[in-house]
Amino acid sequence: MAETKYWLMKSEPDEFGIDDLASRENQTTYWEGIRNYQARNFMRDDMKPGHKVFFYHSRANPLAIVGTMEVASEPYPDPSQFDPSSKYFDEKATEEKPRWFLVDVRLIRKFEKPVLRDDMKDVDELAEMLLLKKGSRLSIQPVTAQEWRKVHEMAGEKP
DNA sequence: GCCAACGTTGGC
DNA sequence: GCCAACGTTGGC
């Protein structure tokens, strides 16, 4: 049996929050605008359809994991890099040599009770989470199966 | 290929 | 809104 992989993706709710995802057709969107190589590499090389993803609200009040998604496509070039009118336009990217890749994600569920960053800090099982490390700003990060379970437990949800 | 200057992220 | 911690860029 293939091992399920878990991830966490950040978004600022002022830009795109979980309610925006919920209102999209099929509750699916392309995760555009990632312009960090490490985060891109995760999407391009490691994410597979069916992988599970936490949706995290950054630069928000409250800071929290607000729900779950699943990867819903193979990686493909981020269209916004070719669009001069997009704020994510990258003049050094070409159709032949795209720089930026993304995947589609589909909402699994919005937590009735978001799991607050402040509460996660107090939990031993989450002490090693990248998200909680000082100075960590990676907007897409791997999550362990244990962390996946623990956060669901805190949310009062079945993993 | 070093590293100073600049730009960005994101908690606080 | 501030600013520390990072990442990237580009002159040399």
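By convention in this document, chain letters (A, B, ...) are assigned in the order of the sequence lines, proteins followed by strands, and residues within each chain are numbered from 1. Note: hydrogens, waters and symmetry copies are ignored here, and every other heavy atom, side chains too, is used.
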Query raised in the report: Among all residues two or more places apart in sequence or in another chain, which pass the side-chain hydrogen bond (donor to acceptor under 3.5 Å, both in side chains) test with A/E157?
Result: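 Result, side-chain hydrogen bond (donor to acceptor under 3.5 Å, both in side chains) vs A/E157: A/R109.
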**Report entry** Those residues that, when tested against A/N61, pass side-chain hydrogen bond (donor to acceptor under 3.5 Å, both in side chains) (two or more places apart)
**Finding:** none
Rounded to the nearest angstrom, tell me the gap between atom [atom1] in [X] and atom [atom2] in [N].
| X | N | atom1 | atom2 | answer |
| --- | --- | --- | --- | --- |
| A/I65 | B/dG11 | CD1 | P | 12 Å |
| A/K134 | C/dC3 | NZ | P | 15 Å |
| A/E12 | C/dG1 | CD | C1' | 14 Å |
| A/L63 | B/dC12 | CG | C1' | 9 Å |
| A/L138 | C/dC6 | CG | P | 12 Å |

Query raised in the report: Hey, does A/K121 reach any base, or is it just sugar-phosphate, or nothing, if we go heavy atoms under 4.0 Å?
Result: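 Answer is sugar-phosphate: A/K121 comes under 4.0 Å of backbone atoms only.
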Query - Pairing residues for A/Y56 by the ring-ring contact (aromatic ring centres under 6.0 Å, His included) criterion, not counting sequence neighbours - result: none
**Report entry** Counterpart residues, side-chain contact (heavy atoms from CB on, under 4.5 Å), relative to A/L126 (two or more places apart)
**Finding:**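 Residues passing side-chain contact (heavy atoms from CB on, under 4.5 Å) with A/L126: A/M120, A/V123, A/M129, A/L132, A/E147, A/K150, A/V151, A/M154.
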**Report entry** Close aromatic pair by centroid cut-off 6.0 Å: A/W7 and A/F42
**Finding:** yes
Would you tabulate the pairs of protein nitrogen or oxygen atoms and nucleotide nitrogen or oxygen atoms of nucleotides 7-10 of chain C closer than 3.5 angstrom?
from  : atom 1 : to     : atom 2 : distance (Å)
C/dG7 : O4'    : A/R137 : NH2    : 3.2

**Report entry** Whichever hydrophobic residues join A/W100 through chains of side-chain contacts under 4.5 Å
**Finding:** A/Y37
